[in-house]
Amino acid sequence: MRRIRAEGAGYGRGDAGRGHRVLVEFVSANPTGPLHVGHGRQAALGDAICNLFAAQGWDVTREFYYNDAGVQIATLATSVQCRAKGLAPGDAGWPDAAYNGDYIADIAADFLAKKTVKADDREVTANGDADDLDAIREFAVAYLRHEQDLDLQAFAVRFDNFYLESSLYTSGRVEAAVNRLVALGKTYEQDGALWLRTTDYGDDKDRVMRKSDGSYTYFVPDVAYHIAKWERGFERAINIQGTDHHGTIARVRAGLQAVGLGIAEGYPDYLLHTMVRVMRGGEEVKISKRAGSYVTLRDLIEWTSKDAVRFFLLSRKPDTEYVFDVDLALAKNNDNPVYYVQYAHARICRVFEEWGGDAATLAGADLAPLTAAHELALMQRLAEYPEVVALAAKELAPHLVVHYLTTLAGDFHAWYNAEKFLVDDPAAKHARLALADATRIAIVNGLALLGVSAPEKM
RNA sequence: CUGCCCGUAGCUCAACUGGAUAGAGCACCAGCCUUCUAAGCUGGGGGUUACAGGUUCGAUUCCUGUCGGGCAGGCCA
């Protein structure tokens, strides 16, 4: 307890990662629409894992990678162009592959109004020319990047860097990777395409790198991107993605081994999470970007709160399917587990407010009076905190912190109910206040790892 | 058909990576506010850890098979 109260915000930190750099890539949504609930799970996971690694002493870089030049972006551009020319979904001439959401019409309106949009990594002013597809594409990408910035801001997630897929082409990194693989004899030509021998590295079939039309398949820039990560000095890379992308793992790793640059086997790490389904009014809300009907991350945060959404999404193991029940999250009652933990913190704050003293004066408090079963259990629980954090980082498992905090809060509530802290006996009072203060520190530190606030009043 | 992931109380999930009587919340039942916040606490019922084998002193955990669910299997991303 002396250690907890001496270390304060530093309690639970370790130095296992001191001197090591890790790059965590997450969200990485293409700028074709607002972030949805699945991105939310990824944002919550990614942010928590970055916090966990930072707490272990790692030098952490948070990166958002996005495709700003591919097929989906072309679809986005034509969708906005059609809206700008007055077409709507279902009209004659409206493309089958177009995005149908209302937000496309909003982008078109702003483009025609020659507005300026400023995103985290760019600023674009529209020229209003509905025939200028390149201008429309640039504007639409900036517009949606800005929307995603707002989504991330609402969720209190920040990134150190936005990495553009297009930069891998302009910098020559894609070409260099391909040339190197060819020179090393890791490829062959067949049916007018260039193939990589990924089966030499555990993949179940070889993969096309360069299509017969001369363009590259999507995993080629991905390989170039990960070579860049390695060369930028990140000895460890963690990618957070949906399980629907698990097929790419084998071929990216194969490509990284094939280039023969000494990249560690198993680089990068992947943390895969299942998709989130949304229930409302007892029915599943279908998520379809094409149809334009979907619950965005910002919707969810506005209906409930940043804290509730984060805590909910982090409470389960990433690989178990999660059903987000909007009605449950809206209920704002004790079904919502975040309140249980925050409430413990608020109770402690209230006790200190009532006491009126300065917690710092408790530094030399005699702890001998703490002999009750609840007190011993709570102290033991507090002592476990650093190893829980270390394990959660090692296993990429933020849910361990959620469960720990729930258990810790339970220990505290039980004690709170059994004993009164502000008793007449100064020795007992100071000992109990010291334990309450240590509990408060652990709760604040743990919630901070999850990106959840610790309100002093509820 | 093939590969990966998952299957634990009525429901939603844990279980410190192979250890002692498998734990919480919700729901249900019975109690606790003249006392620092009842968004809380105490007690109770509820389990063949999907099923069948195997390894082990010991299996929810590791192996094999079966059943059920999810995701993949494109010169899409």
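We use all heavy atoms of the structure for the numbers below, so side chains are in, but hydrogens, waters and symmetry mates are not. Just so we're on the same page: letters track the sequence lines, and every chain starts at 1.
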task = Could I get the full list of salt bridge (Lys or Arg N to Asp or Glu O under 4.0 Å) partners for E419(A), not counting sequence neighbours?
result = R432(A)
message = What contact category does A193(A) fall into here, base, sugar-phosphate, or nothing, at under 4.0 angstrom with non-hydrogen atoms?
response = base
query = For R122(A), what residues pass the side-chain hydrogen bond (donor to acceptor under 3.5 Å, both in side chains) criterion, not counting sequence neighbours?
reply = Y66(A)
request  = Measure from CZ on F324(A) to P on rC11(B) and round the result to the nearest Å.
outcome  = 22 Å
request  = Using a heavy-atom cut-off of under 4.0 Å over every strand shown, decide if T274(A) touches base, sugar-phosphate, or nothing.
outcome  = nothing
task = Kindly write out the residues that satisfy salt bridge (Lys or Arg N to Asp or Glu O under 4.0 Å) with D151(A), not counting sequence neighbours, or none if the list is empty.
result = R298(A)
request  = Using a strict 4.0 Å threshold on nitrogen-to-oxygen distance, state whether D47(A) and R62(A) make a salt bridge.
outcome  = yes
ask   = Looking at residues at least two apart in the chain, or sitting in another chain, which of them share a salt bridge (Lys or Arg N to Asp or Glu O under 4.0 Å) with E7(A)?
value = R3(A)
inquiry  = In this structure, how many angstroms lie between the P atom of rC41(B) and the CZ atom of F421(A), rounded?
reply    = 13 Å
task = Please say whether more than 12 non-hydrogen atoms of neighbouring residues, nucleotides or ligands are located less than 6.0 Å from CD in Q380(A).
result = no
task = Answer yes or no: are there more than 12 heavy-atom neighbours, outside E353(A) itself, under 6.0 Å from its atom CD?
result = yes
request  = Tell me, yes or no, whether the heavy-atom count around K394(A) atom NZ, taken from other residues, nucleotides or ligands under 6.0 Å, exceeds 12.
outcome  = no
ask   = Looking for any heavy atom pair under 4.0 Å, which part of the strands does N67(A) touch: base, sugar-phosphate only, or nothing?
value = sugar-phosphate
request  = For RNA chain B, determine which residues of residues 203-210 of chain A have any heavy atom closer than 4.0 angstrom to one of its atoms, and list them numerically.
outcome  = K205(A), V208(A)
key: R236(A) bridged to D269(A) by N-O distance under 4.0 Å   = yes
inquiry  = I want to check a possible cation-pi pair here: R347(A) against F412(A), using under 6.0 Å from ring centre and within 45° of the ring axis as the test.
reply    = no
ask   = NA contact type, E419(A), heavy-atom cut-off 4.0 Å: base, sugar-phosphate, or nothing?
value = base
request  = Check the pair Y163(A) / Y225(A) against ring pair (Phe, Tyr, Trp, His ring centres under 6.0 Å), numbers first and verdict last.
outcome  = CA-CA 9 Å; Y163(A) 202 101; Y225(A) 176 39; 4.7 Å; yes
request  = Identify, residue by residue, the members of residues 395-404 of chain A with a heavy atom below 4.0 Å from RNA chain B, and return them in order of residue number, or none.
outcome  = E395(A), H399(A), L400(A), H403(A)
task = Using a heavy-atom cut-off of under 4.0 Å over every strand shown, decide if A418(A) touches base, sugar-phosphate, or nothing.
result = nothing
ask   = What stems involve RNA chain B, if each pair must be Watson-Crick or G-U and both of its distances must be under 3.5 Å, with 3 or more such pairs in a row?
value = B:1-7 with B:67-73, B:10-13 with B:23-26, B:28-32 with B:40-44, B:50-54 with B:62-66
Tabulate atom names and distances for all N/O pairs under 3.5 angstrom spanning the protein and nucleotides 28-35 of chain B.
from, atom 1, to, atom 2, distance (Å)
rU35(B), O2', K420(A), NZ, 3.0

ask   = Quick one: side-chain hydrogen bond (donor to acceptor under 3.5 Å, both in side chains) partners of D191(A), sequence neighbours excluded?
value = none
task = Could you tell me whether R145(A) and D121(A) make a salt bridge, using a distance below 4.0 angstrom between a side-chain N and a carboxylate O?
result = yes
ask   = Expressed in angstrom and rounded to an integer, what is the separation of D319(A) atom CG from rC13(B) atom C1'?
value = 13 Å
remark   = Numerically ordered, the residues 174-186 of chain A set in heavy-atom contact under 4.0 Å with RNA chain B is none
ask   = Under 6.0 Å from the six-membered ring centre of Y11(A) and within 45° of its axis: does the NZ or CZ of R5(A) meet both?
value = no
Taking only N/O atoms, report every protein-nucleotides 18-21 of chain B pair under 3.5 Å with atom names and distance.
none

request  = Using a heavy-atom cut-off of under 4.0 Å over every strand shown, decide if F219(A) touches base, sugar-phosphate, or nothing.
outcome  = nothing
remark   = Contact check, residues 237-250 of chain A vs RNA chain B, heavy-atom distance under 4.0 Å, returns T243(A), D244(A), H245(A), H246(A)
